[in-house]
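Side chains are part of it too, since the values below use all heavy atoms of this structure and drop only hydrogens, waters and symmetry mates. Just so it is clear: chains get the letters A, B, ... in the order the sequence lines come, proteins before strands, and each one is counted from 1.
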Amino acid sequence: MTDASTDDTPDILSPEVVKNTLYLIDGSGYIFRAYHALPPMNRGDGTPVNAVFGFSAMLMKLVEEIDAQHLAVIFDSARETFRNEIYPAYKAQRPEPPEDLRPQFSIIRDAVRAFNVPSIEMPGFEADDLIATYAKEARAKGMDVVIVSSDKDLMQLVRDGVTMLDPIKNRPIGPDEVMEKFGVAPDKVVDVQSLAGDSVDNVPGVPGIGVKTAAQLITDYGDLETLLARATEIKQPKRRESLIEYAEQARISRELVKLRDDVPLEVSVDQLEVKDPEHATLLSFFEENNFKRLVARLQALEVQEGEAPSSLGMAAEIAPSETAYETVVEEADLKRWIAAAMEAGTVAVDTETTSLNAMSAKLVGISLSVEAGKACYIPVGHGAGDGADQGNLLDAPTERPKQIDKKRALELLKPMLEDSSVLKVGHNMKYDWLIFRRHGIEVAPVDDSMLISYVLEGGLHGHGMDELAELHLDHKTIPFKEVAGSGKDQVTFDKVPLDKATEYAAEDADITGRLHRLLKPRLRESHVLTLYETVERPLVPIIGEMERAGIKVDREVLADLSKDFARRMGEYELDIYKLAGREFNIGSPKQLGEILFDELGLQGGKKGKTGAYATGAEVLEALATQHDLPAKILEWRQLAKLKSTYADTLVEQINPETGRVHTAFAMAATSTGRLSSSDPNVQNIPVRTEEGRRIRRAFVAEKGHRLLSVDYSQIELRIVADIGGIEALRQAFRDGIDIHAMTASQVFGVPLDQMDPMTRRKAKAINFGIIYGISGFGLARQLGVEQGEAAAYIRAYFERYPGIRDYMDRAKAEAKKQGYVTTLFGRRCHVPGITDKNPARRAFAERQAINAPIQGTAADIIKRAMIRLPAALEKASLKARMLLQVHDELLFEVPEAEIEKTSALVREVMEGATRPVLELSVPLVAEAGVGDDWEAAH
DNA sequence: TCTTTCACG
DNA sequence: GACGTACGTGAAAGAG
């Protein structure tokens, strides 16, 4: 902690008072020097950035090496200053900055912001005057001053406690160096300059007198006034005449050269206290400008800083004592909030809309928070929004409160939301990202407090804002119901009055910011910062784009299917009632159980804990030998499921604006790192039965396009072979042989060329069982054999592959010791039940501990591929869009002419997705399929 | 709101 | 020897 102001006990541990130093960086001077010193550099979009790079590298060095307590970058403001009033020609002939330097000025100001360093400028004064004033103020407070510049005009400021530092040669400039340059001590520099003048700045001086002569004269006479007064004594006639004739010009020059140290400061020295930069902002800034070396240095710094001690108790920046929420309805107020966000470099953002579905939601308002306890709400769509509400004129007019026009508000917010030096923090940022994206704004860079929580504590609890606020901040958020009502009285957010809306919405931004401040530092402490920065966070816009793309669903196909299913269900119903002896609700497991076991008297009925008979598919299949009814029920159920869950609901989910279906991928829902999908769930579209695959045919490609499906072959078993260290399995994967047959041959001793399907099936079941944390009971059930027999298989398997057993023991021990297991990419999967007293629950947790690293590593790998794919496609000028992810499969919509190239590229990226972080001991294989619909692409 | 069932990897 | 079981999800429907 740099802030010692709250600590009133004297520092008795340190023998000397801690040196407090103010670093003043001459920003304007540095820009020109860096520009000329560095070879031309361009970033991705062609913008020249050599001066930006030099500037950033210099700041980085200061951050890395220097223990400054106070720091500021000082810039020249407009070209006109008070000096022009004294002498209009001053700096008048300066050329315009070069073409390829001009665009760099504003980027350098972004850089300063990204470093979280104050930047100071003031109209009417040069940077040098501000530096002089700050130096004086700082000295008055007993601070040392380092001026980061090599500008000779600043050398007059060097004195006890004030030194300069040449940022390019990286050498200090003290009295000796000044003496070398001007031939006099720093306090006489002004006098020398007044005489010698400066052709670059148009300081006239005295003709015929240069620095050398001036220094000698000043040394001889003491100072300028004395010299001018005694000019007649000078022996050299020319020099004497000049000094007499141009005495006044020398005095004017003095005015020009002498720096003002009485500039009225708007920002005090105390306010220049160093704040740690937000690494994510910096990283994003470096990446945007293609500063690879700085990215590496920043990451090295992160490692170095390592386990920073966390503060005891909760600081006011996380738990303020009171809150102030503001409704913003005036442009001036909005501009003030935007300026505050730019100034701070980090802002929490939240959007309020009419729906949880980001692709159909209408934007109603935006909230911002820059510091804890303070937030604003900017309504933009309250009351009758968008003219969509076409209520007739006789109805009571919908109240439309005063608010900033939506377009105007977004226009004002856009530069800040897209500014690479301002970090936008959201909770479930993908949602807000999508809302803004639909309004033509690409929010970047972003942080997501939900994802931060997810990588820190995935598996321990949910990551919704309300839950986290309660857990971490001991704060109960306003329930949505309280502002929008519930049940039939519930209204959309645009109908909520502004005062209530502000309390709710501003709180969300406030809490988001506070969670971010609390949780972000823990990423590094918990060693999941890299996972967050390289996997989860970059995925936000990637998945956002996938959701925005959606997939075309053919409503005709589904409508026909629905009719067909309905007709056949009707036929089954007649049969079923006849066989049952009466009509009943076939969809009711309770009624069905009573029919089967009580009325028809079938054997083997088992009641669950709720007292109802179990009637699941397994039970009904077993009953099929006793009666014709169970088989009919199973048929009916399949149709009912397909009709209600898929055929009918998918049609309802087609977005009327896009004509496509836009799923929502949940990024923080699973305990293993997988995504989940909802509204609709596209990850459980039927594929295993012929009847079910008919649903898949409704997922089609746009005209002129085809669907490309690429999936990892056996990715989880490959991971098992790798982390279990099973050499035989690894070799089998390298050789590309049938892995289940190979297992069967090794475990059951059947030669490969004599493999029978039954033996292979057993081996396949064992292989899957391994992934799930095998148990004799589970395997027996899967294979339909006695538990003893299954246990024998497992024993044989472990004997053949002892590495598996070792892995399982390791996983269990790791979970027990730490409460979590980790994937190959460092994701933590928490297994809270591992210490449960209840042996069943503990065994369950142990199986989770075994499965999670396998499933989770596979999830990491496909996520890494997803992050790279859009960029790889773009680079290859391919227009394919990534639409869906189904755990080990990615689905693309590809222009017909680009199928081959796209397919090859996607496979290449997917197969190389572990690199360069990791090289598995087995190859990853991705297989591609193409078709006009999703079934055909499989 | 909880439970059961079943669709997927 | 307990305990109740393969791992991870989401949606629809019935039950209450």
Side-chain angles (χ1 to χ4, degrees), chain A residues 458-459 584-593 608-620 633-634 636-650 652-653 663-666 669-689 691-693 695-696 711-712 714-717 720 765-783 787 790 794 811 821 829 831 833 836-856 858-859 862 884-889 934 938:
Chain A
F584 67 104
N585 186 345
I586 307 172
S588 160
K590 184 167 174 271
Q591 292 181 38
L592 175 64
K609 39 186 174 246
T610 54
Y613 289 110
T615 67
E618 254 178 276
V619 175
L620 296 186
I633 300 285
L634 284 169
W636 181 91
R637 273 201 188 153
Q638 187 191 14
L639 297 176
K641 175 86 174 180
L642 293 176
K643 181 174 186 295
S644 71
T645 308
Y646 300 105
D648 293 343
T649 33
L650 272 174
E652 293 166 24
Q653 303 267 14
T663 187
F665 287 106
T670 72
S671 56
T672 56
R674 272 190 179 180
L675 301 178
S676 80
S677 156
S678 66
D679 310 293
N681 183 349
V682 293
Q683 294 181 323
N684 70 349
I685 303 302
V687 72
R688 291 173 187 170
T689 66
E691 211 64 70
R693 281 195 291 273
I695 299 283
R696 225 161 241 255
D711 71 308
Y712 282 113
Q714 307 275 22
I715 186 166
E716 293 193 352
L717 264 186
V720 167
I766 302 174
N767 278 334
F768 271 97
I770 296 297
I771 292 169
Y772 296 149
I774 203 156
S775 77
F777 183 93
L779 183 62
R781 214 175 57 125
Q782 182 66 31
L783 283 173
Q787 207 169 323
I794 296 171
V821 287
C829 306
V831 190
D836 203 304
K837 297 191 300 293
N838 180 323
R841 284 200 287 264
R842 202 168 54 242
F844 178 45
E846 288 174 351
R847 291 195 297 274
Q848 289 177 317
I850 291 164
N851 171 262
I854 302 167
Q855 192 181 112
I862 196 167
L884 306 179
Q885 189 249 46
V886 192
H887 310 310
D888 65 355
E889 170 191 4
W934 198 3
H938 248 259

A:Tyr613 meets the ring pair (Phe, Tyr, Trp, His ring centres under 6.0 Å) criterion, sequence neighbours left out, with A:Phe597
From CA spacing to verdict: side-chain contact (heavy atoms from CB on, under 4.5 Å), A:Val682, A:Val886:
CA-CA 8 Å; A:Val682 293; A:Val886 192; 5.5 Å; no
In whole angstroms, the gap separating C1' of B:dT5 from NZ of A:Lys643 amounts to 18 Å
Those residues at least two apart in sequence (or on a different chain) that pass side chain to side chain donor-acceptor pair (under 3.5 Å) with A:Gln787 are none
Residues at least two apart in sequence or cross-chain that pass side chain to side chain donor-acceptor pair (under 3.5 Å) with A:Arg637, listed by chain then number, are A:Thr615
- Query: Side-chain contact, heavy-atom cut-off 4.5 Å: A:Gln885 with A:Gln683?
  - Reply: yes
Taken to the nearest whole Å, CD1/A:Ile695 to P/B:dC6 is 17 Å
Distance below 4.0 Å between A:Arg688 side-chain N/O and B:dG9 OP1 or OP2 = yes
In whole angstroms, the gap separating P of B:dT5 from CG of A:Leu639 amounts to 18 Å
task = For nucleotides B:dT5 and C:dA2, find the distance between their P atoms and express it as a whole number of Å.
result = 27 Å
Whole-Å distance, A:Asp888 CG to B:dG9 C1', equals 6 Å
Residue pairs meeting salt bridge (charged side-chain N to carboxylate O under 4.0 Å, His left out), one or both in residues 766-777 of chain A, sequence neighbours left out, come to none
For A:Thr670, the side chain to side chain donor-acceptor pair (under 3.5 Å) test, sequence neighbours excluded, returns A:Tyr454
Regarding the side chain of A:Thr615, the nearest nucleotide among C:dT5, B:dT5, C:dG8 is B:dT5
**Message:** Under 4.0 Å, heavy atoms only, any strand: does A:Gly616 hit a base, just the sugar-phosphate, or nothing?
**Reply:** sugar-phosphate
Exercise answer: donor-acceptor pairs, residues 845-855 of chain A side-chain atoms, under 3.5 Å, sequence neighbours excluded:
| residue | atom | partner | partner atom | Å |
| --- | --- | --- | --- | --- |
| A:Glu846 | OE2 | A:Lys816 | NZ | 3.4 |
| A:Asn851 | OD1 | A:Gln855 | NE2 | 3.4 |
| A:Asn851 | ND2 | A:Ile771 | O | 2.9 |
| A:Gln855 | OE1 | A:Thr672 | OG1 | 2.7 |

Readout for nucleotides 9-16 of chain C: B = base within 4.0 Å of protein heavy atom, S = sugar-phosphate only, - = neither; 5' to 3' it is SBBSSSSS
| said: I'd like the C1' distance from B:dC2 over to C:dA6, given in whole Å. | reply: 24 Å
Those residues at least two apart in sequence (or on a different chain) that pass salt bridge (charged side-chain N to carboxylate O under 4.0 Å, His left out) with A:Lys643 are A:Asp648
note: A:Arg781, atom CZ; C:dG4, atom C1'; distance rounded to Å ~ 11 Å
In whole angstrom, give me the gap between the C1' atoms of C:dG1 and B:dC6. 35 Å
request  = Check every strand shown and say whether A:Leu779 touches a base, only sugar-phosphate, or nothing at a heavy-atom separation below 4.0 Å.
outcome  = base
Picking from B:dA7, B:dT5, B:dG9, the nucleotide nearest the side-chain atoms of A:Val687 would be B:dG9
Check every strand shown and say whether A:Ile774 touches a base, only sugar-phosphate, or nothing at a heavy-atom separation below 4.0 Å. base
Rounded to whole Å, the CD-P distance (A:Gln885 to C:dG8) equals 17 Å
With sequence neighbours left out, the residues meeting side chain to side chain donor-acceptor pair (under 3.5 Å) with A:Arg696 are A:His938
A:Ile586 atom CD1 is separated from B:dT5 atom P, nearest whole Å, by 16 Å
Within residues 839-852 of chain A, those residues having any heavy atom closer than 4.0 Å to DNA chain B are none
A:Phe584 side chain near A:Ile586 side chain, heavy-atom distance below 4.5 Å:
yes
Here the distance between atom C1' of C:dC7 and atom CD of A:Glu716, to the nearest Å, is 8 Å
In DNA chain C, stems of three or more consecutive pairs, Watson-Crick or G-U, each with both distances under 3.5 Å, turn out to be B:1-9 with C:7-15
For residues 766-775 of chain A, the salt bridge (charged side-chain N to carboxylate O under 4.0 Å, His left out) pairs (sequence neighbours left out) are none
